[in-house]
Amino acid sequence: MNRKLSLLFSVSEAAPFIKEGGLGDVAGALPRALEARGHDVRVVLPRYYAIDPHRHGLKLLPGSLVVPMGIIGDLYCGVYEGRLPGSDVPVYFLEHEAFYGREGVYGSGNEGFRDNDNRFVFLSRATLELCRMLEFTPDLIHAHDWHTAAVPLFMNTIYRHDQYVGKAASILSIHNMQHQGNFYPGLMDVLGIGWEHFTFLGLEQENQTCLLKGGLYHATKLSTVSQGYAREIQSPEFGWGLEGVLRERSGDLVGIFNGVDYDEWNPESDPFIPAPYSAEDLSGKAICKLELQRRFGLPQRADLPLFGIISRLVEQKGTDVLAAAIHQILALDVQLVLLGSGEPWAHFYFGDIAAQYPEKFGCHIGFSNPLAHLIEAGSDFFLMPSAFEPCGLNQLYSLRYGTVPVVRAVGGLNDSVENFNERTLGGTGFTFHSLTPAALFDTIGWAAWTWHHNEAGMKALISNGMAKRFTWESAAEKYEQLYYWAIEKKLGEGFRTRFPEE
Ligand code: ADP
């Protein structure tokens, strides 16, 4: 079936307007890919302070939106309209000074904002009021993470018989299970859906109001960003307390792998690297390696394997495991460069290691997109020892750049990197299972040995990886299928009326 659908994305970030992580990439790229498949797609998100209406050519729509906030009463907001660059996808920005007129998206420093409950309940409720204002009747509303998890909840309760959204199906996508939107019980009165929903099989989780839990119960269908993560979050190790709900709803849960923007991440045309290269001619990669060593003040040695890391320096990314293994790793004939920022202890720790091993380890604490591109191009291997990884992007960039990933076999890493097979020369990287310094060290040792002693193996790994593609076109096709399933489930017999030819 290929019928035109009306779709609305309700989301807390979307590139290029505002991006804090992988969610922003998805919300920036997927609507465009869906539009290219003929659907009417729109996006709603807050007009954060950092989004400059002039710079993005946003237009203020006439009138204002009334957003009922339960016990708080009615709040009002303006609505700006813009377009996702390179498309006709309308993006609606909610203008509310008290909620969004400040620096930061989710918080400042490592602290979340104290009014995040109201800020995102507001976004969720305003999403539905916006449909009324625009007289827009979506077939489906796509919510993302806990921030808009209240959308399906509202749709099943307050808006159940609404003229515009009452018949719409909903999807809730999980991009990171760790963050669930847990707040004080009284948030129920702001939601205004009734305390009968404050039960273990509703929104209650350890005597708090858990927005994600509500969304997981109420969305027509659920998705997450890899098949591996879809399985993992049904277990206690990765479900963060909500594994039971996910097991209960496993029949409605699918994993759809994110795509990569190959216009931005392409070694043949990357403006941030000193020499372009391709799978057919890798000579430019050697130049990138020398430049990378120079930038990090390391000896420019072509005879050592160079490992790269670009990461948030937090526990999720295995930063503590790397820290525990690093002396052992640096005893090998290798070099290592690290770009990242995160927990303060890690800044000091790795800075100190760089001072101890000036010939072998380079470290840049901070965020730099140009340097990230150079690391992808100039490294021989890329390290991702993640504790959990819903999808992961850097291993995908690495494959495209002929930089062999060394990853823990979890979530999206396990779905996208195939372990090297020395006998068949199959595989695209090196994987390990146990989240321990010993397992990480052993695998790096195997990779370094391969680099030094198995030329045919390295060549195979590089060319196997460079041939892989993870596109948004393919992801959009899978989401489209999921949307049809959700709409069919929601409408039941009415589906035949909506799509008579099918
Ligand atoms: P997550 O979203 O969990 O941080 P992903 O691998 O999905 O992890 O995406 C991380 C993205 O952020 C990648 O595009 C990566 O290159 C980029 N990134 C992370 N840290 C830095 C940094 N310090 N400098 C530049 N880019 C970074």
Side-chain angles (χ1 to χ4, degrees), residues 10-12 21-23 26 106 112 116-117 120-121 123-124 141-157 169-188 190-191 193-258 314-317 386-392 410-412 414-415 435 482 486 489:
S10 175
V11 70
S12 56
L23 172 58
V26 175
Y106 304 118
N116 271 349
D117 47 355
F120 292 109
V121 168
L123 167 61
S124 305
I141 303 185
H142 192 160
H144 298 266
D145 277 347
W146 73 263
H147 314 100
T148 51
V151 170
L153 186 65
F154 287 137
M155 290 167 76
N156 273 2
T157 52
S170 59
I171 300 284
L172 177 62
S173 288
I174 303 155
H175 301 264
N176 190 328
M177 202 57 210
Q178 188 176 12
H179 307 292
Q180 303 184 344
N182 287 303
F183 300 102
Y184 70 117
L187 185 62
M188 294 303 294
V190 179
L191 291 166
I193 55 169
W195 280 86
E196 65 273 23
H197 292 276
F198 192 72
T199 63
F200 188 69
L201 297 177
L203 274 79
E204 189 269 332
Q205 181 76 357
E206 297 184 4
N207 203 31
Q208 291 201 303
T209 300
C210 178
L211 292 175
L212 185 64
K213 187 171 181 180
L216 292 177
Y217 272 125
H218 284 271
T220 319
K221 293 269 177 185
L222 305 170
S223 80
T224 184
V225 288
S226 66
Q227 291 182 345
Y229 198 57
R231 274 191 306 276
E232 287 169 355
I233 55 179
Q234 298 177 46
S235 72
E237 187 185 349
F238 300 96
W240 300 89
L242 293 184
E243 57 275 7
V245 186
L246 289 158
R247 271 203 303 277
E248 211 178 312
R249 293 223 53 198
S250 59
D252 288 317
L253 169 66
V254 303
I256 300 177
F257 211 78
N258 287 340
V314 296
E315 202 177 333
Q316 180 197 333
K317 300 292 178 181
S386 303
F388 69 95
E389 197 65 74
C391 176
V410 283
N414 195 35
D415 285 4
L435 184 61
L482 176 66
K489 181 177 172 195

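Nearest heavy atoms, Y217 versus G202: CD1-O, 3.5 Å. Taking every heavy atom of both residues into account, S226 and P390 meet most closely at OG-O, 2.7 Å. Closest non-hydrogen pair, S10 versus V151, comes out as OG-CG2, 3.7 Å. Contact record, L242 with M177: CB-CE, 3.5 Å, taken as the closest heavy-atom pair. Taking both residues in full, the closest heavy atoms of S12 and H147 are given as OG-ND1, 3.4 Å, listed atom of the first, atom of the second, then distance. Nearest approach of L23 to V11, heavy atoms of both residues: CD1-CG2, 3.8 Å.
With T220 contributing its side chain and A169 its backbone, the two residues share no donor-acceptor pair below 3.5 Å. A donor-acceptor pair is defined here as one N or O able to donate and one able to accept, closer than 3.5 Å; such a pair exists between the side chain of D415 and the backbone of G228. A donor-acceptor pair under 3.5 Å is formed between the side chain of N116 and the backbone N or O of Y106. With hydrogens and angles disregarded, a donor-acceptor distance shorter than 3.5 Å links the side chain of Q180 to the backbone of W240. Formation of a donor-acceptor pair under 3.5 Å by the T224 side chain with backbone atoms of I174 is found in this model. Proximity of a side-chain donor or acceptor of E232 to a complementary backbone N or O of G411 within less than 3.5 Å is detected.
For the pair T148 and I141, the minimum side-chain heavy-atom distance is 4.5 Å or more. Proximity of V121 to L211: side-chain heavy atoms (C-beta onward) are separated by under 4.5 Å at one or more points. Side-chain contact check for H197 versus H218: some heavy-atom pair is nearer than 4.5 Å. Looking at heavy atoms from C-beta onward, T209 lies out of side-chain contact with D117 at the 4.5 angstrom threshold. Between F257 and Y229, the closest side-chain pair of non-hydrogen atoms is not below 4.5 Å. Looking at N176 and Q316, their side chains come closer than 4.5 Å, going by heavy atoms from C-beta outward. For the pair W146 and N182, the minimum side-chain heavy-atom distance is 4.5 Å or more. When side chains are defined from C-beta on, V410 counts as touching F238, because their heavy atoms get closer than 4.5 Å.
How far CG of L153 is from OG of S170: 10.0 Å, rounded to the nearest 0.5 Å. Remark: I256 CD1 to S173 OG distance equals 7.0 Å, nearest 0.5 Å. For the atom pair CG of L222 and CG of L246, the computed distance is 7.0 Å after rounding to the nearest 0.5 Å.
In the displayed structure, E204 atom CD is contacted under 6.0 Å by more than 12 heavy atoms of other residues, nucleotides or ligands. The number of heavy-atom neighbours closer than 6.0 Å to CD of E196, taken from other residues, nucleotides and ligands shown, is above 12. Enclosure of atom CD in Q208 by more than 12 non-hydrogen atoms of other residues, nucleotides or ligands within 6.0 angstrom is indicated.
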L203/M188 under side-chain contact (heavy atoms from CB on, under 4.5 Å): CA gap, chis, key distance, verdict: CA-CA 9 Å; L203 274 79; M188 294 303 294; 4.1 Å; yes
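W195 and F198 have perpendicular rings, their planes meeting at more than 60° on a 0 to 90° scale where under 30° would count as parallel.
In terms of the side chain to side chain donor-acceptor pair (under 3.5 Å) criterion, E237 has no residue partners (sequence neighbours excluded).
Applying the salt bridge (charged side-chain N to carboxylate O under 4.0 Å, His left out) test to every pair with at least one member in residues 243-256, sequence neighbours left out, gives these pairs: K221-D252, R249-D252, D252-K489.
When L482, L172, L253 are each tested for a side chain to side chain contact (heavy atoms under 4.5 Å, CB included) with S223, only one passes: L482.
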